[in-house]
Amino acid sequence: METTSIRLPIRTLPEHFDRSRITVVLDEIEMALMDDGGVYGKTLADSFTITVEVPTHQLMDTASCLKGLGLI
């Protein structure tokens with residue numbers, strides 16, 4: 001299965017995300033992807049970015065969900 005990685009800068013997270021608790025943010029993104037978009041996504045973070053890995057065939061559902069969260 002092909003996957004696509006989407007990278008989001010942590011510094012541009014909307015105010016409703018707590019940047020000091022990145023693991024909570026990652027969980028919130030994964031839950032929203034599953035609940036709202038039916039997408040099983042995997043999230044990772046480093047010091048500067050959040051990476052969201054999703055199946056390529058579900059990229060449109062992912063984009064719609066991330067837009068609803070205010071991430072893109």
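Given the structure is predicted, the values throughout are model-derived calculations rather than measurements. When reading the values below, keep in mind they use all heavy atoms of this one structure, side chains included, and skip hydrogens, waters and symmetry mates. Starting from 1, each residue takes its place in the sequence as its number.
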Atom pairs and distances, side-chain donor-acceptor, residues 59-72, under 3.5 Å, sequence neighbours left out:
residue, atom, partner, partner atom, Å
Thr62, OG1, Gln58, O, 2.9

Q) side-chain hydrogen bond (donor to acceptor under 3.5 Å, both in side chains): which pairs involve residues 44-56, sequence neighbours left out? A) Thr4-Thr56, Asp46-Thr49
Q: Please say whether more than 12 non-hydrogen atoms of neighbouring residues, nucleotides or ligands are located less than 6.0 Å from CZ in Arg11.
A: no
**Q.** Separation between CZ of Phe48 and CG of Leu8, rounded to the nearest 0.5 Å
**A.** 15.5 Å
Q. Which atoms form the tightest heavy-atom contact between Ser20 and Asp18, and what is the distance?
A. OG-OD1, 2.6 Å
Q: Output, in order, the C-alpha distance, side-chain angles, deciding distance and verdict of side chain to side chain contact (heavy atoms under 4.5 Å, CB included) for Glu2 and His57.
A: CA-CA 8 Å; Glu2 293 183 29; His57 71 277; over 6 Å; no
Q. To the nearest 0.5 Å, how far apart are CZ in Arg19 and CD1 in Ile50?
A. 10.0 Å
When the side chains of residues 27-40 are checked against the rest of the protein, which donor-acceptor pairs come out under 3.5 Å, sequence neighbours left out?
residue, atom, partner, partner atom, Å
Glu30, OE2, Thr43, N, 3.0
Glu30, OE2, Thr43, OG1, 2.7

